[in-house]
Amino acid sequence: MHVLYMSSQNIFERIIAREIPAIIEYEDDEVIAIKDIAPKAPIHILIIPKKNIPSIADATLEDQNILGKLLMVAQKIGKEKNLEGYKLLFNVGEKGGQVIPHVHLHLLGGGKIDF
Ligand code: AMP
């Protein structure tokens, strides 16, 4: 008998739960950073809070520490990879280009990022 398993979790929650694989660049109790599966720059890393905040538009004051931490993890990764410069980007909502409904900060670098 085949059981069709439909997870209600988004891709990032499934990566955090180790249900699907990812290349992990950084992890602690609150944050995970993974390589983007379809990179738009030589280095493209997604920095993701483990708490599921669907988008920046849904964040509350309670989330300000974790959102600030995403920036500090980006800085740490930038230093570790000796990046001379990089771009940090949140897509917010469908019309802002957000596809996965779980906050994530894009770190793009490793060359001149012109978009
Ligand atoms: P956004 O458009 O801001 O929601 O960005 C979602 C990002 O997640 C895109 O850049 C995708 O390439 C990336 N992505 C989708 N699935 C995976 C995955 N399984 N592992 C790593 N990155 C992924």
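Only this structure's heavy atoms are used, side chains among them; waters, hydrogens and symmetry mates stay out. Whatever order the structure lists ligands and atoms in, that order sets their numbers, starting from 1.
- If you look at A38 next to ligand 1, the close heavy atoms, those under 4.0 Å, come from the backbone and the side chain alike.
- Counting heavy atoms closer than 4.0 Å to ligand 1, residue K40 contributes side-chain atoms (C-beta onward) but none from N, CA, C or O.
- Using a 4.0 Å cut-off between charged nitrogen and carboxylate oxygen, E25 and K81 count as a salt-bridge pair.
- Under the 4.5 Å side-chain heavy-atom criterion for ILVMFWY residues, a single connected hydrophobic cluster contains both I11 and I32.
- Contact annotation: the side chain of L107 never approaches that of L105 to less than 4.5 Å [non-hydrogen atoms, C-beta and beyond].
- Sorted by first and then second residue, the ring pair (Phe, Tyr, Trp, His ring centres under 6.0 Å) pairs involving residues 52-81 (not counting sequence neighbours) form an empty list.
- A tilted orientation is assigned to the rings of H106 and H44, their planes being inclined by 30° to 60°.
- Protein heavy atom nearest atom 1 (P) of ligand 1, with residue, atom name and distance: H104 NE2, 3.0 Å.
- Residue contacts with ligand 1 for I20 are absent, since no atom lies close enough (heavy atoms, distance under 4.0 Å).
- For ligand 1, the atoms closer than 4.0 angstrom to any heavy atom of I34 are 21 (C).
- Residue N91 places at least one N or O, backbone or side chain, under 3.5 Å from an N or O of ligand 1.
- Remark: minimum distance from atom 2 (O) of ligand 1 to any protein heavy atom is reached at G97 O, 2.8 Å.
- In terms of polar-atom proximity, defined here as any N/O pair under 3.5 Å, H44 makes no such contact with ligand 1.
- Within the 3.5 Å criterion, the main-chain N or O of G93 finds a donor-acceptor partner in the side chain of Q98.
- Selection from D36, I100, V99 by nearest heavy atom to atom 9 (C) of ligand 1 gives D36.
- Note on D63 versus K51: salt bridge recorded, some NZ/NE/NH1/NH2 to OD/OE distance being below 4.0 Å.
- The protein atom (non-hydrogen) at minimum distance from atom 19 (N) of ligand 1 is I11 CG2, 3.7 Å.
- Under the salt bridge (Lys or Arg N to Asp or Glu O under 4.0 Å) criterion, no residue pair touches residues 85-108, with sequence neighbours excluded.
- In I37, the parts holding a heavy atom less than 4.0 Å from any atom of ligand 1 are both the side chain and the backbone.
- An N or O contact shorter than 3.5 Å is missing between F12 and ligand 1 by distance.
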